[in-house]
Each structure stands twice: as C-alpha cells, then as structure tokens.
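Worksheet: one structure, shown below.
As a basis for the values below, the full set of heavy atoms in this structure was taken, side chains included, without hydrogen atoms, waters or symmetry mates. In the text below, chain A, chain B and the rest are named by the order of the sequence lines, each starting its count at 1.
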Number of protein chains: 2
Amino acid sequence: MSVLSDTIEGFIKSLIMEGQKEIELQRNELAHHFSCAPSQINYVLATRFSLDKGYAVQSRRGGGGYIRVIRLETDGEDFIAGLIRSRIGERITQHEAYAIIGRLVEAGFINEREKCLMKSSVSDNALSVPAVVKDVLRAKIMRTQLTALLCEGGGHE
Amino acid sequence: MSVLSDTIEGFIKSLIMEGQKEIELQRNELAHHFSCAPSQINYVLATRFSLDKGYAVQSRRGGGGYIRVIRLETDGEDFIAGLIRSRIGERITQHEAYAIIGRLVEAGFINEREKCLMKSSVSDNALSVPAVVKDVLRAKIMRTQLTALLCEGGGHE
DNA sequence: AATATAAAAGTCAAAGAAAGACTAAACACG
DNA sequence: CGTGTTTAGTCTTTCTTTGACTTTTATATT
C-alpha cells in the first residue's frame, strides 16, 4: 500500500464505482476506520476530489452532518472545467465574461433564462466594488456558478 | 431522511401539500409520535417554517391548544418586486438570501437549476470581498438578478 | 364568581454532534 | 539541503437535541 491518502482515495472511489454517481460519508467514521485525524479526510477530498479531477463535494455540519462526493459525468465536464481553468482564470472583464456566457448558450449548456441570470450577476453594474477587484470578483463568481451547474442535482452547500 | 428535524419538517410539509394551505397540529402529540422533546417541534418550526421561508405559525396554549402552520400565498406579479423592496433592501446575509431563494423555488418562480445558480453567485464563498461590504454587494447582485428575471418573463421551462 | 388545577405551548440555555479552518510537524524527493 | 506533500492536532462554527422552567388558557371545584 502506498500512502494513506491514496488508500482513502481508493476506498472512496470504490464506493462510488458501485453503480451510483454519488455517495455520502461520515467524516469522523471514515477517519476512525483509517485511524487518522478527521482533517485528513478533508485533505484527501481537497487533493483528489477537486473539480478538475471531475468531482464535486458537498457537506453539512452539525448533528446528522455528512460529506457527499459527486462524480461529475457530464459530457460538458471537460468543456466547462477547461473553460474555468483556461478562459476565466483569476480575473475576467465583463466583455469576456459575456462572450463566454454566450458560448455556453450556443453549446446548449444553459438556456436563455440562465444566461440572463448569469449575465446580471457578473455585470459591471451589479458588482459595485472598486475597479481593481471587480474582475477578480467576477471570475470568482463565474467559477462558483459553473461549478454549481456541474453538480446540479445535489443538495446545497 | 438523515436527521430527526428533517423528518419532522417533511412530515409537516406532506400534511400541508395535501391540498390545504394550512394545518393544525398538537405539539405534544407530534413530539410523542417522533419520540422527542416537545421543544424540538419549536425548533423545527423556527428553523424550517420561518417567515423568510414563506410560512407563518400561529398557536394557542392551554387546554385545547394547537399550532397552526400556514403556507403564505406568493402568487401575484409584484411578489418579486415586493421582495426586492422589503426583504432584500440595502444589505442581506447569506442566510437570509438563501431563504429567499428557497422561497422563490417553492413559489414556482425559479427552478432547481436556477436556484443553484443564484445561490452560488451570492454565496459567502463566491463573494470574496471584505465582510463590511459583502452583504451590501450580495443585496445588489440579488436585486440585479431578480430584476433581470422580471424582464425575461416568468415562463421558465 | 373566584380559585385551583391541569393541559397545553413558549423560552432559553446547556450539551452533543458533526464538519471546517488553521497550524505545525513529519516525510519524500529533486 | 530546501521545497512541496502528507499527517496530525486543535480550536471554531454550525446545527441538533434535550431538559428545566415559565406562561397562557380551559376546565373543574368551592
């Protein structure tokens, strides 16, 4: 066996492979099962189940809390993940953002109403912050939106 | 259903869904049915059936007491306009924002996908700005989004 | 009618349960 | 070495559950 994180990664993946495209797990229970610190689970999730690896993670705290790992098997996964990485990046202007949103419509990933929603929330008008941070904020919002669209069907964060 | 409160919430909602827009229930009876402390019912009502979430709760103590849960009517064209004016205002927390978005879903103004989109774009996570301006920015974005939806027209499908 | 009793529901605070964030140490590897 | 990855530990935050105590109301008793 390689390192512990790989073992945990494999364990989670084996759970997902059994038909479903998403599983729910208990952080403490899992940590106990592998005799490690609970935060190790977070580490594995962050490094092995990130968006560009094709996964989304949702969770909930408190009594009855859980961590849900979702395998993204959308056809557009690569397309959108690629978009996030290469076209959006750390900052983006309103002009560029609108262009990308337009492409999403053409590609059939979003409809007209969703286009409206997205455009309105990343418009210069809505983002009433200093110019220096506006493009950074817009990029962050767009990334978050696209990620949310990818795991649509799950619960909430 | 993972946790007791969710189960109770579902139970109450299923009662309401059966046609009526309001139901009456007995706190102790309900608590006994779910084998929990009576005050747990209050907790569920407070967290799941708040005004923000589109419900009103009335009650009466003493012999023959009751708890009445009323689903607030939301049809009417200026529902959203009213929301913008009275419930969002100049600033809004993530918690309040999510509640309102949930209400939009229940009222049939937006669908699950649009909910995801809206929630993601006003999440604390997406709005990476100093805490002082975060709630103001969130309110601005929400207002812009809702306005955009109004212009687009109600028919999502 | 006045009072006592019992039957509700309300409030609040404490305890418990779970995940998140952050930090620091240990390890691997060029 | 030095740098990046892994592991562990601790503290914080969020959400749930319970219990003790209070307040209100209807009903029975005197």
Checklist line | Residues A/R71 and A/Y55: side-chain donor-acceptor under 3.5 angstrom | finding: yes

Next item on the list: Using whole Å, report how far CG of A/L30 lies from P of D/dT7.
Entry: 13 Å

Notebook entry, point to check: Does anything in residues 128-139 of chain A pair up under salt bridge (charged side-chain N to carboxylate O under 4.0 Å, His left out), and if so which pairs, sequence neighbours excluded?
Noted result: A/D124-A/R138, A/D135-A/R138

Margin query: So B/L30 and B/I67, do their side chains get closer than 4.5 Å, heavy atoms only?
Written below: no

Next item on the list: Would you please name every residue forming a side-chain hydrogen bond (donor to acceptor under 3.5 Å, both in side chains) with A/S5, sequence neighbours left out?
Entry: A/Q40

Next item on the list: Starting at the 5' end of nucleotides 23-30 of chain C, put B wherever the base has a protein heavy atom under 4.0 Å, S where only the sugar-phosphate does, and a dash everywhere else.
Entry: --------

Notebook entry, point to check: Using rotation axes that map the C1' atoms of four end pairs onto the next four (five pairs an end), what angle separates the end axes of the helix from C/dA1-D/dT30 to C/dG30-D/dC1, to 10°?
Noted result: 0°

Check: What heavy-atom pair brings A/L15 and A/I23 nearest, and what distance separates the two atoms?
Finding: O-CG2, 3.9 Å

Note to self: Expressed as a whole number of angstroms, how long is the span from B/I41:CD1 to D/dT16:P?
What the structure shows: 14 Å

Notebook entry, point to check: When the distance from CZ of A/R68 to C1' of C/dA19 is rounded to whole Å, what number comes out?
Noted result: 14 Å

Next item on the list: Using atom CG of B/L4 as one end and atom P of D/dC15 as the other, report the distance to the nearest whole Å.
Entry: 17 Å

Check: Nearest to the side chain of B/R48, which nucleotide is it out of D/dT16, D/dG19, D/dT5?
Finding: D/dT16

Check: What is the distance, rounded to the nearest whole Å, between atom OH of B/Y98 and atom C1' of D/dC15?
Finding: 16 Å

Item checked: Nearest-nucleotide comparison on DNA chain D, the residue closer to the 5′ end among B/T47 and A/T47 -> A/T47

Margin query: If you compare all heavy atoms of B/I88 against all heavy atoms of B/L146, which two are closest, and at what distance to 0.1 Å?
Written below: CD1-CD1, 3.6 Å

Next item on the list: Using heavy atoms to find the nearest nucleotide of DNA chain D for A/G64 and A/S5 separately, return the residue whose nucleotide is more 5′.
Entry: A/S5

Notebook entry, point to check: What is the distance, rounded to the nearest whole Å, between atom CZ of B/F34 and atom C1' of D/dT18?
Noted result: 17 Å

Next item on the list: Any pair with a residue in residues 79-104 of chain B that passes salt bridge (charged side-chain N to carboxylate O under 4.0 Å, His left out), sequence neighbours left out, goes on the list, sorted by first then second residue, please.
Entry: B/D52-B/R87

Which protein N or O atoms sit under 3.5 Å from an N or O of nucleotides 9-16 of chain C?
| residue | atom | partner | partner atom | Å |
| --- | --- | --- | --- | --- |
| C/dA9 | OP1 | B/R27 | N | 2.8 |
| C/dA9 | OP2 | B/R27 | N | 3.2 |
| C/dA9 | OP2 | B/N28 | N | 3.0 |
| C/dA9 | O3' | B/S59 | OG | 3.4 |
| C/dA9 | N7 | B/R27 | NH2 | 3.3 |
| C/dG10 | OP1 | B/S59 | OG | 2.8 |
| C/dG10 | OP2 | B/N42 | ND2 | 2.7 |
| C/dG10 | O4' | B/R61 | NH2 | 2.9 |
| C/dG10 | N7 | B/R27 | NH1 | 3.2 |
| C/dG10 | N7 | B/R27 | NH2 | 3.2 |

Notebook entry, point to check: Looking only at heavy atoms, what is the nearest atom pair of B/F49 and B/V57, with distance?
Noted result: O-CG2, 3.9 Å

Notebook entry, point to check: Closest to the B/Q40 side chain: D/dC15, D/dT6, D/dT16?
Noted result: D/dT16

Margin query: Side chains of B/Q94 and B/S123 only: does a donor on one sit below 3.5 Å from an acceptor on the other?
Written below: no

Item checked: Side-chain ion pair, A/D6 and A/K13, N-O less than 4.0 Å -> no

Check: Is the backbone N or O of B/T47 less than 3.5 Å from a side-chain atom of B/S50, with the two atoms forming a donor-acceptor pair by type?
Finding: no

Note to self: So, does B/Y43 get its side chain near the phosphate of D/dT17, meaning an N or O under 4.0 Å from OP1 or OP2?
What the structure shows: no

